[in-house]
Amino acid sequence: MINENPTPETAENPEEFTGLKLGKIKKVAAGIPAVVSSLEKVVGEAGFSRGMKALWYLNKKGGFDCPSCAWPDPDDERSGIAEYCENGARAVAKEATAKKLDAEFFSQNSISDLSKLSDYEIGGKGRIAQPMYLPKGGTHYQPISWDQAFDKIGISLNSLASPDEAIFYTSGRTSNEAAFLYQLFVREYGTNNLPDCSNMCHESSGVALGQSLGIGKGSVTLEDFYEAEVIMILGQNPGTNHPRMLTALNKAKANGAKIISINPLPETGLMGFSNPQTVKGVLNLDTTLTDLFLQVKINGDMALLKAIQILLLNQDDKSPGTVLDFDFIKNNTLGFSDFRKEVERYNPAELAQIAGIPFSQVQKAAEILQNKKKIIACWAMGLTQHKNAVDTIKEVVNLLLMKGSIGKPGAGTCPVRGHSNVQGDRTMGIYEKPSAKFLAAIEANFGFTPPQNHGYDTVEAIKAMHEGKAKVFFAMGGNFLSATPDTNFTAEALRKCQLTVQVSTKLNRSHLVHGEEAIILPCLGRSDMDMVNGENQFVSCENSMGVVQSSKGVLKPISEHLLSEPVIVCKLAKATLGTKTKINWEGYALHYDHIRQEIERTIPGFQNYNLRVREPGGFYLPNCNREGNFDTISQKAHFNLAPLPENKLQEDELVMMTIRSHDQFNTTVYGLNDRYRGIYNERRVILMNAADMSARNLNKGDVVDIFNQHAGTERIARKFIVVEYPIPEGCTATYFPETNVLVPVTSVAEKSNTPTSKHVIITLRKREP
Ligand SMILES: Nc1nc2c(c(=O)[nH]1)N[C@H]1C(S)=C(S)[C@@H](COP(=O)(O)OP(=O)(O)OC[C@H]3O[C@@H](n4cnc5c(=O)[nH]c(N)nc54)[C@H](O)[C@@H]3O)O[C@H]1N2
Ligand SMILES: Nc1nc2c(c(=O)[nH]1)N[C@H]1C(S)=C(S)[C@@H](COP(=O)(O)OP(=O)(O)OC[C@H]3O[C@@H](n4cnc5c(=O)[nH]c(N)nc54)[C@H](O)[C@@H]3O)O[C@H]1N2
Ligand SMILES: [Mo]
């Protein structure tokens with residue numbers, strides 16, 4: 001069907017309420033309710049035997065890697081009950097769903113109608129069951145054969161004036177094997193335009209750690225948690241986003257570790273935990289996890305860290321050498337005396353005030369840290385998505401360096417990664433700024449000269465499409481439209497493309513807001529069997545702690561028309577590069593061992609890949625920090641000097657952080673509850689401090705429109721219900737992706753270009769009933 005006057009599909013969620021119910025903030029996370037909730041979800045979506053089979057193999061050695069977060073599995077004994085969490089089970093349930101979207105579904109549902117649904121409704125539709133094509137001006141997707149789809153993409157890519165007019169996005173679930181082939185194809189085609197979800201996620205961590213410590217990854221292993229004396233958790237909500245981390249924290253605590261949580265919200269999982277995998281947990285006896293909760297203002301972390309540093313320096317002055325590790329500082333670091341001078345410009349009591357924390361509590365934090373040497377710092381999006389994110393993370397590193405808390409058991413850095421293989425994708429070369437060394441290895445092994453100039457990251461990619469500099473958008477997974485900032489700007493950018501292609505498992509809004517032509521390539525998920533020549537192929541992933549292990553699906557795919565991601569890349573490469581290619585793409589598709597051989601030849605740390613990946617539990621990649629080395633130019637760790645960020649607000653302005661509810665995985669909304677925070681059946685809410693509400697004459701249940709002004713543009717998100725919440729004054733919280741429309745594409749972190757999704761300056765206007 002062709003539409004003569006197409007109205008643009010809706011890029012935003014409908015402004016309709018679903019019926020808010022408020023409960024109490026939960027005191028403990030997990031326990032029996034979480035297990036019951038996961039079983040219900042999986043069985044409900046996938047049916048009993050399919051669901052139970054999936055759960056049984058989830059995160060077992062030899063089973064498949066959980067498609068949810070990147071938290072590592074224990075190296076030794078894995079839980080006899082189940083090595084998964086409620087949210088992992090839900091991710092599996094949605095993937096294992098028995099609901100199929102085939103040609104009939106797409107002929108009955110126009111793109112415009114589907115776009116009027118909420119993300120929750122769209123995601124609930126099911127798995128895409130065959131390749132689909134949307135012609136120019138079309139209103140409905142139509143079936144297309146795989147060969148025709150690849151031909152169309154190849155023709156479109158070859159019609160561009162330059163390969164740099166194409167963009168190849170990756171989400172973080174793509175396996176090592178698929179990611180390696182994908183970047184190889186993209187570079188042989190001729191561009192480094194390889195933006196990924198990492199650009200919106202831990203990019204700031206990668207940049208900060210690379211510059212300060214010489215490796216863009218964290219240094220600790222799970223064993224380090226069990227030996228640590230203090231664990232600091234900054235800007236992270238593990239109860240919802242990395243529930244299995246609570247098991248590790250629980251064990252650390254039993255071994256005597258003290259836990260300091262730094263967060264604007266009293267997140268349930270950080271406060272108390274009942275482990276569903278132990279008898280005590282099954283009986284719902286809980287542990288208080290956090291010893292000291294510092295309720296920092298949004299982006300008050302740098303001030304807080306500096307205050308703690310000053311107190312530690314002062315303490316050491318009183319009895320030299322008892323607090324700081326001067327041997328470590330002297331032998332392994334550069335810049336300590338300048339750092340000291342810089343930080344001592346400040347007054348710790350004033351810093352505490354800026355951070356929004358009583359000075360006595362900052363003193364308590366310093367007391368806890370004072371005599372300890374084994375300190376682990378964990379962090380996630382609460383630190384990475386700010387203008388000064390890179391410097392804040394370097395400030396965390398400064399604190400660890402003062403204490404000599406890197407490169408020894410029980411100590412180090414722990415940026416807790418998001419997507420299950422986001423770290424592996426980077427290791428495989430999914431990066432718009434590849435190193436010269438990496439490109440040289442590609443050239444030596446594959447006989448073509450890869451492009452040397454840097455490509456677009458995510459924010460640059462949006463702008464390039466908007467300016468008409470990029471015309472074909474290809475996504476290996478993810479939901480680019482909804483995950484990126486400035487939803488309406490990004491929608492315009494995608495609509496300007498001549499072709500948008502999505503390799504996907506499930507339907508999402510990026511299929512509905514599209515270029516002139518659009519193609520959906522449906523792929524196998526983690527839990528699906530991947531039979532090639534009678535053998536079930538496995539792939540591999542790298543978790544948050546640098547362990548590479550195999551992942552083999554167990555479920556019969558819901559449709560015979562699905563292809564695996566590695567096979568999709570091979571076919572795409574053949575269709576695009578034709579006889580020009582120097583690479584035997586067909587060979588890789590026959591057995592994934594062939595891909596792993598290429599990875600082994602090209603990327604350090606993968607010796608005997610095919611052998612070691614078959615060992616139960618996999619293997620650790622080398623990590624210089626873990627071994628006590630710093631691969632910076634100077635071969636030393638660097639203290640960083642950074643001023644405090646200026647967070648000045650106008651009278652009526654507030655800061656908004658966009659966070660995840662309990663019932664979502666990024667843009668996939670499993671349900672409408674945020675159980676731990678006591679918010680039920682509604683996502684269009686804004687959490688506010690009581691004083692900020694009364695200053696604006698707002699009452700609980702009032703409805704507001706939210707505004708952002710940045711770089712001369714006004715953005716509006718309409719209809720959000722005010723919820724009073726224990727959040728610091730001046731701070732508010734909303735759920736993403738509903739409020740991504742307010743995150744300016746022009747507001748990014750210095751040095752990492754990550755959208756500042758945790759620091760959106762807003763004003764509110766009450767809607768009259
Ligand atoms: N179930 C589930 N699991 C997931 C995901 C999911 O959506 N659902 N997403 C995955 C992905 S890709 C990622 S990256 C991770 C994300 O994991 P998190 O980073 O835990 O996710 P967010 O909800 O963004 O939470 C950020 C936390 O930082 C706090 N915060 C916000 N601003 C500040 C600040 O300025 N300072 C401090 N100290 N804290 C702040 C918020 O209150 C919140 O607790 O989780 C991964 N795992
Ligand atoms: N405002 C705001 N915006 C944010 C964030 C925030 O905290 N606040 N967080 C940011 C972060 S940390 C991240 S990581 C990004 C996430 O950005 P993305 O990774 O782009 O988004 P997801 O929602 O994880 O993508 C979900 C889609 O991936 C597809 N999918 C699932 N499994 C597979 C698979 O195995 N293969 C393939 N090919 N496709 C699959 C499904 O179609 C599903 O709809 O969002 C970022 N956006
Ligand atoms: Mo992420």
Side-chain angles (χ1 to χ4, degrees), residues 67-71 85-88 90-91 94-95 119 122-123 127-128 169-175 178 196-202 233-243 261-265 267 270 294 296-301 304 379-386 392 416-422 458 475-485 502-511 520-528 565 568 655 657-668 670 727 731 733-740 742-743 754-755 757-760:
S68 196
C69 78
W71 187 255
C85 70
E86 176 188 358
N87 284 328
R90 283 203 273 205
K94 285 287 170 192
E95 196 173 280
D119 289 334
I122 294 173
R127 287 277 298 267
I128 301 160
Y169 175 72
T170 314
S171 172
R173 271 190 197 168
T174 299
S175 64
D196 67 352
C197 68
S198 214
N199 296 145
M200 298 179 270
C201 184
H202 266 294
I233 303 168
L234 303 100
Q236 198 205 337
N237 178 20
T240 286
N241 297 315
H242 306 92
S261 298
I262 301 172
N263 200 304
L265 299 180
E267 301 286 30
L270 289 172
L294 302 175
V296 72
K297 277 189 194 288
I298 294 175
N299 204 23
D301 303 84
L304 170 63
W379 69 90
M381 298 305 102
L383 293 199
T384 65
Q385 298 174 334
H386 287 287
T392 305
V416 184
R417 298 278 161 171
H419 267 301
S420 51
N421 199 40
V422 61
T458 293
M476 182 57 83
N479 182 0
F480 192 83
L481 172 82
S482 304
T484 54
Q502 310 283 338
V503 178
S504 311
T505 50
K506 278 169 304 172
L507 191 68
N508 65 47
R509 209 171 281 280
S510 294
H511 304 117
I520 309 177
L521 305 177
C523 66
L524 296 173
R526 282 280 165 76
S527 54
D528 294 322
E565 290 180 353
I568 289 175
V655 178
M657 56 180 180
T658 54
I659 56 175
R660 291 154 171 80
S661 83
H662 194 67
D663 276 3
Q664 73 184 87
F665 190 95
N666 298 342
T667 68
T668 304
Y670 304 128
I727 184 171
C731 302
T734 55
Y735 301 129
F736 105 91
E738 281 80 355
T739 47
N740 275 24
L742 295 169
V743 183
T754 297
S757 310
K758 295 289 185 275
H759 201 274
V760 183

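Residue numbers count from 1 along this sequence. Both ligands and their constituent atoms are indexed starting at 1 by order of listing.
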Next on the checklist: Considering both backbone and side-chain atoms of N241, is one of its nitrogen or oxygen atoms within less than 3.5 Å of a nitrogen or oxygen in ligand 1?
Outcome noted: yes
Item to check | Numbering as shown, the atoms of ligand 1 that approach H242 to under 4.0 Å (heavy-atom distance) | outcome: 15 (C), 17 (O), 45 (O), 46 (C)
Next on the checklist: Polar contacts were defined as any N/O atom of the residue lying under 3.5 Å from an N/O atom of the ligand; does this apply to E95 and ligand 2?
Outcome noted: no
Next on the checklist: Whether the R526 and S420 side chains hold a donor-acceptor pair (N or O, under 3.5 Å, no angle test) is what I'd like checked.
Outcome noted: yes
Item to check | Donor-acceptor pair, side chain of S510 and main chain of L481, under 3.5 angstrom | outcome: yes
Checklist entry - Can you find an N/O atom of P238 closer than 3.5 Å to an N/O atom of ligand 1? => result no
Checklist entry - If you count the atoms of ligand 1 from 1 in the order shown, which ones are under 4.0 Å from a heavy atom of C201? => result 14 (S)
Item to check | Donor-acceptor pair, side chain of K506 and main chain of I128, under 3.5 angstrom | outcome: no
Item to check | Geometric N/O contact A483 with ligand 2, under 3.5 angstrom | outcome: yes
Next on the checklist: I want to check something: taking the side chain as every heavy atom from C-beta on, are I659 and N237 in contact at a cut-off of under 4.5 Å?
Outcome noted: no
Next on the checklist: Tell me the contacting part of V296 for ligand 1: side chain, backbone, both, or neither, using a 4.0 Å heavy-atom threshold, strictly below.
Outcome noted: side chain
Next on the checklist: Using a 4.0 Å cut-off to any heavy atom of L265, which atoms of ligand 1 qualify?
Outcome noted: 42 (O)
Next on the checklist: Tell me the protein heavy atom at minimum distance from atom 35 (O) of ligand 1, and give that distance in Å.
Outcome noted: N299 N, 2.6 Å
Next on the checklist: Checking H202 against T384: is there a side-chain donor and acceptor pair closer than 3.5 Å?
Outcome noted: no
Checklist entry - What atoms of ligand 2 come within less than 4.0 Å of a heavy atom belonging to S757? => result 1 (N), 2 (C), 3 (N), 8 (N)
Item to check | Residue selection (non-hydrogen contact nearest atom 20 (O) of ligand 2) among F665, Y169, F480 | outcome: Y169
Checklist entry - Quick one: does N666's side chain get under 4.5 Å of R660's, heavy atoms only? => result yes
Item to check | Nearest neighbour of atom 21 (O) of ligand 2 from the list L481, T658, L742, N479, on a heavy-atom basis | outcome: N479
Checklist entry - Which residue and non-hydrogen atom of the protein lie closest to atom 24 (O) of ligand 2, and at what distance in Å? => result H419 NE2, 2.9 Å
Next on the checklist: Give me the nearest non-hydrogen protein atom to atom 38 (N) of ligand 1 as residue plus atom name, then the distance to 0.1 Å.
Outcome noted: D301 OD2, 2.7 Å
Checklist entry - Hey, does H386 have a side-chain heavy atom less than 4.5 Å from the side chain of T392? => result no
Item to check | Polar side chain donor-acceptor pair, S527 to E95, under 3.5 angstrom | outcome: yes
Checklist entry - Of all the atoms in ligand 2, which lie at a distance below 4.0 Å from a heavy atom belonging to C523? => result 36 (N), 37 (C), 38 (N)
Checklist entry - Does any non-hydrogen side-chain atom of V296 lie less than 4.5 Å from one of P264? => result yes
Checklist entry - What's the spacing between D119 CG and E738 CD if we round to 0.5 Å? => result 6.5 Å
Next on the checklist: Using heavy atoms and a 4.0 Å limit, tell me yes or no: is H662 in contact with ligand 1?
Outcome noted: no
Item to check | Test item, G418 contacting ligand 2 (heavy atom, 4.0 angstrom) | outcome: no
Item to check | Nearest non-hydrogen protein atom, atom 12 (S) of ligand 1 | outcome: N666 ND2, 3.3 Å
Next on the checklist: Please list, in number order, the atoms of ligand 1 under 4.0 Å from a heavy atom of Q664.
Outcome noted: 1 (N), 2 (C), 6 (C), 7 (O), 8 (N)
Checklist entry - Which of the atoms in ligand 1, numbered in the order shown and given with their element, are less than 4.0 Å from a heavy-atom of H386? => result 34 (C), 35 (O)
Checklist outcome for this item: Numbered in order shown, the ligand 1 atoms found under 4.0 Å of a heavy atom of T240 are 1 (N), 2 (C), 3 (N)
Next on the checklist: Would you say that T754 contacts C201 through its side chain, given a criterion of any heavy-atom pair below 4.5 Å between the two side chains?
Outcome noted: no
Checklist entry - Can you tell me if S504 uses its side chain to pair, donor with acceptor, with the backbone of P522 under 3.5 Å? => result no
Checklist entry - Does any donor atom in the side chain of T739 or T734 lie under 3.5 Å from an acceptor atom in the other side chain? => result yes
Checklist entry - Hey, which atoms in ligand 2 end up nearer than 4.0 Å to a heavy atom of V503? => result 37 (C), 38 (N), 39 (N)
Item to check | Residue selection (non-hydrogen contact nearest atom 25 (O) of ligand 2) among S527, A475, G478 | outcome: G478
Checklist entry - Which bit of R660 is near ligand 1, meaning a heavy atom under 4.0 Å away: side chain, backbone, both or neither? => result both
Checklist outcome for this item: For Q385, the ligand 2 atoms with a heavy-atom partner under 4.0 Å come out as 5 (C), 6 (C), 7 (O), 9 (N), 10 (C)
Checklist entry - Judging by distance only, is a nitrogen or oxygen of K297 under 3.5 angstrom from one on ligand 1? => result no
Next on the checklist: Under a 4.0 Å threshold between the charged nitrogen and the carboxylate oxygen, would D528 count as salt-bridged to R127?
Outcome noted: yes
Item to check | Protein contact to atom 33 (C) of ligand 1 [nearest heavy atom, distance to 0.1 Å] | outcome: G382 O, 3.4 Å
Next on the checklist: Are any of the N/O atoms on G525, whether in the backbone or the side chain, positioned under 3.5 angstrom from an N/O atom of ligand 2?
Outcome noted: no
Item to check | N/O separation below 3.5 Å, K758 to ligand 2 | outcome: yes
Item to check | Contact partition for N237 relative to ligand 1, non-hydrogen atoms under 4.0 Å | outcome: both
Item to check | Part of N740 with heavy atoms under 4.0 Å of ligand 2, whether side chain, backbone, both or neither | outcome: side chain
Checklist outcome for this item: Closest to atom 32 (N) of ligand 1 among protein heavy atoms sits M657 SD, 3.5 Å
Next on the checklist: As an exercise, identify every atom of ligand 1 less than 4.0 angstrom from a heavy atom of G235.
Outcome noted: 19 (O), 26 (C), 27 (C), 28 (O), 29 (C), 37 (C), 38 (N), 39 (N), 40 (C)
Checklist entry - ligand 1 versus H759, non-hydrogen atoms closer than 4.0 Å: side chain, backbone, both, neither? => result neither
Checklist entry - Based purely on interatomic distance, does N508 place a nitrogen or oxygen under 3.5 Å from a nitrogen or oxygen of ligand 2? => result yes
Checklist entry - Do any N/O atoms on S171 end up under 3.5 angstrom from N/O atoms on ligand 2? => result yes
Checklist outcome for this item: Heavy-atom closest pair (C731 atom, K297 atom, distance to 0.1 Å) is SG-CA, 4.1 Å
Next on the checklist: Quick test: of every protein heavy atom, which one is nearest to atom 42 (O) of ligand 1, and how far off is it to 0.1 Å?
Outcome noted: N263 OD1, 2.7 Å
Next on the checklist: Closer than 4.0 Å to some heavy atom of M381 - which atoms of ligand 1 meet that?
Outcome noted: 14 (S), 16 (C), 19 (O), 24 (O)
Next on the checklist: Measuring from atom OG1 of T240 to atom CZ of F665, what distance do you get when rounded to the nearest 0.5 angstrom?
Outcome noted: 12.0 Å
Item to check | Contact partition for E267 relative to ligand 1, non-hydrogen atoms under 4.0 Å | outcome: side chain
Checklist entry - Does H202 have a heavy atom less than 4.0 Å from any atom of ligand 2? => result no
Checklist entry - Between L507 and ligand 2, is there a nitrogen or oxygen pair with a distance under 3.5 Å? => result no
Next on the checklist: Please list the nearest protein heavy atom to atom 4 (C) of ligand 2 with its residue and the distance rounded to 0.1 Å.
Outcome noted: F736 CE1, 3.3 Å
Next on the checklist: Would you compute the distance between atom CG of L270 and atom CG of N263 and round it to the nearest 0.5 angstrom?
Outcome noted: 6.5 Å
Item to check | Reported NE2-to-CE distance for the pair H759 and M657, which is rounded to 0.5 angstrom | outcome: 11.5 Å
Checklist entry - Angle class for the Y169/F480 ring planes (parallel below 30°, perpendicular above 60°, tilted otherwise)? => result perpendicular
Checklist entry - Do any N or O atoms from the side chain of D196 and from the backbone of G172 form a donor-acceptor pair under 3.5 angstrom? => result no
